[in-house]
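Working notes, beginning with the structure itself.
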Amino acid sequence: MPKITLPDGSIRQYDAPTTAGQIAADIGPGLAKAALGAKIDGTLCDLSTRIESDCTLALVTPKSRDGQVDPDGLFLLRHSCAHVMAEAIQRLFPGTMLVYGPPLDTGFYYDMAFPDGRAPSTDDFIAIEAEMAKIIGENLPFTRRDLSIAEGMDKLAGEGSKFKLDNAQRAKDGGSATLSWYTTGLPGTNWEDLCRGPHAPSTGRIGAFKVMSLASSYWKGDESLDRLTRVYGTAFATKPELEAHLKQLDEAKKRDHRMLGKQLRLFHIDEMVGQGLVLWTPRGAAIRQELQTFISEALRDQGYQQVFTPHIGKLELYRTSGHFPYYRESQYPPIVDHDQMTKLAAEGCSCGDLANRLASGEVEGYLLKPMNCPHHIRIFASEPHSYRDLPVRLAEFGTVYRWEQSGEIGGLTRVRGFTQDDAHLFVREDQVANELLGCLSLVKLIFGTLGMNDYRVRVGLRDPKSDKYVGEPSNWDKAEEACRNAARSLSVPFTEEAGEAAFYGPKIDFIVRDVIGRSWQLGTVQVDYNLPVRFDLSYIGADNEKHRPVMIHRAPFGSMERFVGVLIEHFAGAFPLWLAPEQVRVLPISEKSEEYAQEVLTAIRKIGLRATIDSGNERVQARIRDASEAKIPYLAVVGPRDAQQRVVSLRAFGTEANLGELPLERFISGLKSEYKTRGAESLKSSFPA
RNA sequence: GCCACCGUAGCUCAGUGGUAGAGCACACCCUUGGUAAGGGUGAGGUCGAGGGUUCAAUCCCCUUCGGUGGCUCCA
């Protein structure tokens, strides 16, 4: 006789098997009406799930008691809505085979195989949504039925969908005793789908939904298998929630760095220059320069030395490092000099031959550098080192080139040429732990100064099953342990992920999300026992013997391109004073104040800030609007009154009214300290709140 | 790289099988205005590029380049 423990601790006793839905009804009609499903012993289930023995039970509704949207409720709604969409699409596109349709954080998708050439386009969304509305309007129950594995397999084999058959096989392999189908309505009469559930009780519970977009995917994520069409949608319990979600998406779009980059003229990517090759326009370059100055100061404080190295190097260098053999596909092809080319052409050497001979080393060429480490290593190796000299820390804003797949390139976040704020530390083994901490503190300083708190940390370890990693397992163990320990010191939660290591060593990565919700790796710190071996690096120890240094690779920004891209979105284009491309705009009320405005401008420029004057033939209101749209931190409005009193009327970005008047000298000194302290001190504090 | 969609003025976007439009930006004129758009006039386009169908293509078809959304990849 089941004894049900509810979340408030109360217990309900039943003398016969019951269902979650029945229990909800027993508690109250309101709850019965609101319930979408139940968590039985922590597992999300249908309301119709039969309960035969003691359990804990929590009913799932669209909103929990405190008014928050319940993610489990959304899960049920979206999973159910995916079914409704699949049914609607199968009605409109006969012959469509269903593959897999899970809920997501922001909605759901369904992968489908359409009969050749008959995939829907976005123009069909209206029809699909109309069909879905019909199904939802009928408020049909989602009815579950279980078949034995054998029966179920027979049924699927008869229906002839290899995709569903495969899903069933995987359920079977996963230890499932039965296969379940969900019918939208009456089993045997209405539409059904192989699905492990759970679902909302009926279609009518889907309050609001929208078909969002089309994309493609590969079956099981494997590009050698069938190509599928993925239809994305979303669903909510109510219309206002859907509208709020759509509005949020729209807001996110406005923060998109590609949009803002164009609008604020921060960078340009030009067809004629090449895909994924970023041109930094003056305004974006100002931001980058400030960031580089910032990090250079921090590096100097930590005992780094700056170096410069060329953009190319001999293939032999990258054969030694392993980059060329391991990552040939993702590099620009090697450069072969004229004489070689002429000679090879005379021999009738084919492109294939040339590739092979470059790979084997029979023909030498140059490579656009995919990484800076080999160059830095050769700097280290260019002179002998004593154990007393270590750590040697070589830093460079080094530009590297990688042949990213064309479909992956976009904006500043994935590009083919980018500049890393790179450095390589050559350290004694006993120094590894401490140097790692130094690297992490640098990352923390950067993220802290910029107010970027929304990041996660990943410790990337080797995948024991893969053979792409070079070096001794014992060294890998040591390096992985050092990373783990350093990550622990961060007091930020981190995950350990096998298979995420670089080929030469484990790493600690800092990962942020963009406005669209995509994750990007920014800063990275990597421990490397392997390249020192490949390059036979050494230092002389206290024992007068040769010893092998350990390398640490680190780039707290990751790349300037990606970092600035993420930063544009982080600030929604409204950069703090120290980073803003145009920091102050002086705005004379009329030509009568032009002279004083020029004086103010000169004073601002004298302390090294980027400022302009807008003496345009427009009314003040219009020019204020222009400055506001350009997201300029400070606007100094000056008219005859201000000139008379030697003050400026100050307006800050993001504040509705003007802040008030400030004597010119205080304005200048306040600007200076806000700039120099990178916002730690603010000019705004000169005004009453 | 794969699939889908998109490419019209500097930007955002309408539009049509008979060689094109709006708003903003830009230029000039009037206006000299005190905190988020003052008024007028004007200039600006090989409708991404190449090929095809057609009497005629910005529009239809093919190819190509670029962008977007995904997938796959990412030292």
Side-chain angles (χ1 to χ4, degrees), chain A residues 109 111 114 119-123 212-232 253 256 258-259 262-263 265 269-276 318 321-324 326-331 369-374 400 402-411 413-416 420 460 468-470 500-505 507 516 518 520-521 524 526 528 531 553 555 587-594 615-629 635-642 649-651 653 655-661:
Chain A
Y109 68 79
D111 277 345
F114 287 90
S121 77
T122 47
D123 297 339
M212 301 294 289
S213 61
L214 288 171
S216 89
S217 61
Y218 299 110
W219 190 27
K220 300 184 199 177
D222 183 337
E223 62 185 321
S224 66
L225 299 178
D226 300 53
R227 207 164 299 113
L228 305 170
T229 301
R230 178 171 294 183
V231 190
Y232 281 88
K253 233 188 220 164
D256 190 314
R258 291 165 299 192
M259 208 79 83
K262 202 179 275 179
Q263 196 185 314
R265 293 159 38 232
I269 296 169
D270 194 283
E271 272 191 45
M272 205 178 238
V273 175
Q275 256 193 315
Y318 301 102
S321 69
H323 292 108
F324 186 62
Y326 283 93
Y327 290 97
R328 205 181 320 160
E329 297 309 310
S330 33
Q331 291 158 357
K369 67 177 169 185
M371 287 190 101
N372 300 305
C373 28
V400 297
R402 297 178 190 177
W403 188 261
E404 302 287 355
Q405 296 189 86
S406 63
E408 260 308 334
I409 293 171
T413 39
R414 193 83 182 260
V415 293
R416 281 184 174 161
Q420 297 176 309
K468 83 166 187 179
Y469 306 100
V470 296
E500 288 295 333
F503 75 90
Y504 48 73
K507 53 183 185 161
I516 305 180
R518 292 182 286 207
W520 300 103
Q521 179 195 306
T524 181
Q526 307 170 358
D528 177 8
L531 286 181
H553 308 235
L587 206 157
I589 296 280
S590 73
E591 280 169 19
K592 291 176 197 140
S593 310
E594 179 70 20
S615 314
N617 188 17
E618 287 292 340
R619 294 176 66 203
V620 182
Q621 287 91 322
R623 285 179 285 154
I624 286 175
R625 183 170 188 272
D626 290 345
S628 180
E629 290 198 331
L635 198 53
V637 181
V638 295
R641 284 206 308 267
D642 306 278
S649 294
L650 200 60
R651 204 185 156 102
F653 178 81
T655 51
E656 288 282 320
N658 61 325
L659 293 170
E661 293 174 354

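Just the heavy atoms: all of them, side chains too, but no hydrogens, waters or symmetry mates, feed the values below. A, B, ... follow the sequence lines: proteins, then strands. Residue 1 opens every chain. Everything quoted here is computed from the prediction, not taken from an experiment.
Taking atom P on both B/G48 and B/A14, the two are 14 Å apart, rounded to the nearest angstrom. Here the separation of B/G44 from B/C61, taken at their C1' atoms, is 32 Å to the nearest Å. Rounded to whole Å, the P atom of B/C13 lies 13 Å from the corresponding atom of B/U68. Atom name P, nucleotides B/A57 and B/A49: the rounded distance is 15 Å, in whole Å. When the P atom is compared between B/C30 and B/G15, the two are found 40 Å apart, to the nearest whole Å. Between B/A20 and B/C47, the distance separating the two C1' atoms is 8 Å to the nearest Å. B/U64 and B/G70 are spaced 25 Å apart, taking the P atom of each and rounding to whole Å. Nucleotides B/U19 and B/G33, compared at atom C1', are 45 Å apart to the nearest Å.
Taking atom CZ of residue A/R414 and atom P of nucleotide B/C71, one finds them 12 Å apart after rounding to whole Å.
Here the CG atom belonging to A/N658 is positioned 8.0 Å from the CD1 atom belonging to A/I624, to the nearest 0.5 angstrom. Interatomic distance, OG of A/S330 versus CD of A/E404, reported as 7.0 Å (0.5 Å rounding). Rounding to the nearest 0.5 Å places CD of A/Q521 at 8.5 Å from CD of A/E500. For the atom pair CG of A/L650 and CD of A/E661, the computed distance is 10.5 Å after rounding to the nearest 0.5 Å. Rounding to the nearest 0.5 Å gives a distance of 12.5 Å between NZ of A/K369 and OG of A/S321.
Every residue meeting the salt bridge (charged side-chain N to carboxylate O under 4.0 Å, His left out) condition with A/K220, not counting sequence neighbours, appears here in chain and number order: A/D166. Under the rule for a salt bridge (charged side-chain N to carboxylate O under 4.0 Å, His left out), the partners of A/R518 that lie at least two apart in sequence or sit in another chain are A/D514. Under the ring-ring contact (aromatic ring centres under 6.0 Å, His included) criterion, A/H323 pairs with A/F503, not counting sequence neighbours. Shown here are the salt bridge (charged side-chain N to carboxylate O under 4.0 Å, His left out) partners of A/R623, two or more places apart in sequence or in another chain: there are none. Shown here are the side-chain hydrogen bond (donor to acceptor under 3.5 Å, both in side chains) partners of A/S217, two or more places apart in sequence or in another chain: A/D111. Applying the ring-ring contact (aromatic ring centres under 6.0 Å, His included) test to A/Y469 and every residue at least two apart in sequence or in another chain returns A/W476. Every residue was checked against the ring-ring contact (aromatic ring centres under 6.0 Å, His included) condition with A/Y318, not counting sequence neighbours, and none meets it. Every residue meeting the salt bridge (charged side-chain N to carboxylate O under 4.0 Å, His left out) condition with A/R625, not counting sequence neighbours, appears here in chain and number order: A/E629.
Using a 4.0 Å heavy-atom cutoff across all strands shown, A/Q331 reaches at least one base atom of the nucleic acid. Using a 4.0 Å heavy-atom criterion, one finds that A/Y326 contacts no nucleic acid atom at all. Heavy atoms of A/R328 sit nowhere under 4.0 angstrom from any nucleic acid atom. Contacts of A/Y109 with the nucleic acid, taken as non-hydrogen atoms under 4.0 Å apart, are absent.
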Can you pull every protein N or O that's under 3.5 Å from an N or O on nucleotides 1-4 of chain B?
from : atom 1 : to     : atom 2 : distance (Å)
B/G1 : OP2    : A/S406 : OG     : 2.5
B/G1 : N9     : A/Q405 : OE1    : 3.2
B/G1 : N7     : A/G407 : N      : 3.2
B/G1 : N2     : A/Y218 : OH     : 2.5
B/C2 : O2'    : A/R227 : NE     : 2.2
B/C2 : O2'    : A/R227 : NH2    : 3.2
B/C2 : O2     : A/Y218 : OH     : 3.3
B/C3 : O2     : A/S216 : OG     : 3.2

Please tabulate, one pair per line, each protein N/O and nucleotide N/O from nucleotides 30-37 of chain B that are separated by under 3.5 Å, including the distance.
from  : atom 1 : to     : atom 2 : distance (Å)
B/C30 : N4     : A/N617 : ND2    : 2.9
B/U31 : N3     : A/N617 : OD1    : 2.9
B/U31 : O4     : A/N617 : OD1    : 2.6
B/U31 : O4     : A/N617 : ND2    : 2.8
B/U32 : O2'    : A/K592 : NZ     : 3.4
B/U32 : O2     : A/E591 : N      : 3.0
B/U32 : N3     : A/E591 : OE2    : 3.2
B/U32 : O4     : A/E591 : OE2    : 2.6
B/G33 : N7     : A/I589 : O      : 2.5
B/G34 : O6     : A/P640 : N      : 3.1
B/G34 : O6     : A/R641 : N      : 2.8
B/G34 : N1     : A/D642 : OD2    : 2.5
B/G34 : N2     : A/D642 : OD2    : 2.9
B/G34 : N2     : A/S649 : OG     : 2.7
B/U35 : O2'    : A/R651 : NH1    : 2.9
B/U35 : O2     : A/R651 : NH1    : 3.1
B/U35 : O4     : A/S649 : OG     : 3.2
B/A36 : N7     : A/R651 : NH2    : 3.2
B/A36 : N6     : A/S628 : OG     : 2.8
B/A36 : N1     : A/S628 : OG     : 2.7
B/A37 : N7     : A/R625 : NE     : 3.2
B/A37 : N7     : A/R625 : NH2    : 3.2
B/A37 : N6     : A/R625 : NH2    : 2.5
B/A37 : N1     : A/R625 : NH1    : 3.1
B/A37 : N3     : A/R625 : NH1    : 3.4

Strictly under 3.5 Å: I want the nitrogen or oxygen pairs between protein and nucleotides 7-16 of chain B, one per line.
from  : atom 1 : to     : atom 2 : distance (Å)
B/U12 : OP1    : A/K262 : NZ     : 3.4

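Sequence order on RNA chain B of the closest nucleotides to A/P370 and A/G274 puts A/G274 first from the 5' end.
OP1 or OP2 of B/U68 lies within a sub-4.0 Å distance of a side-chain N or O belonging to A/R258.
Counting only Watson-Crick and G-U wobble pairs whose two distances sit under 3.5 Å, RNA chain B takes part in these stems of three or more pairs: B:1-7 with B:65-71, B:10-13 with B:21-24, B:26-30 with B:38-42, B:48-52 with B:60-64.
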Subject >> Candidate pair A/S593 and A/R641, rule side-chain contact (heavy atoms from CB on, under 4.5 Å), full reasoning >> reply: CA-CA 9 Å; A/S593 310; A/R641 284 206 308 267; over 6 Å; no

request  = Test side-chain contact (heavy atoms from CB on, under 4.5 Å) on A/L531 and A/C373 and set out the steps.
outcome  = CA-CA 9 Å; A/L531 286 181; A/C373 28; 4.1 Å; yes

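Not a single donor-acceptor pair, N or O on each side, falls under 3.5 Å between the base of B/C71 and the side chain of A/R230.
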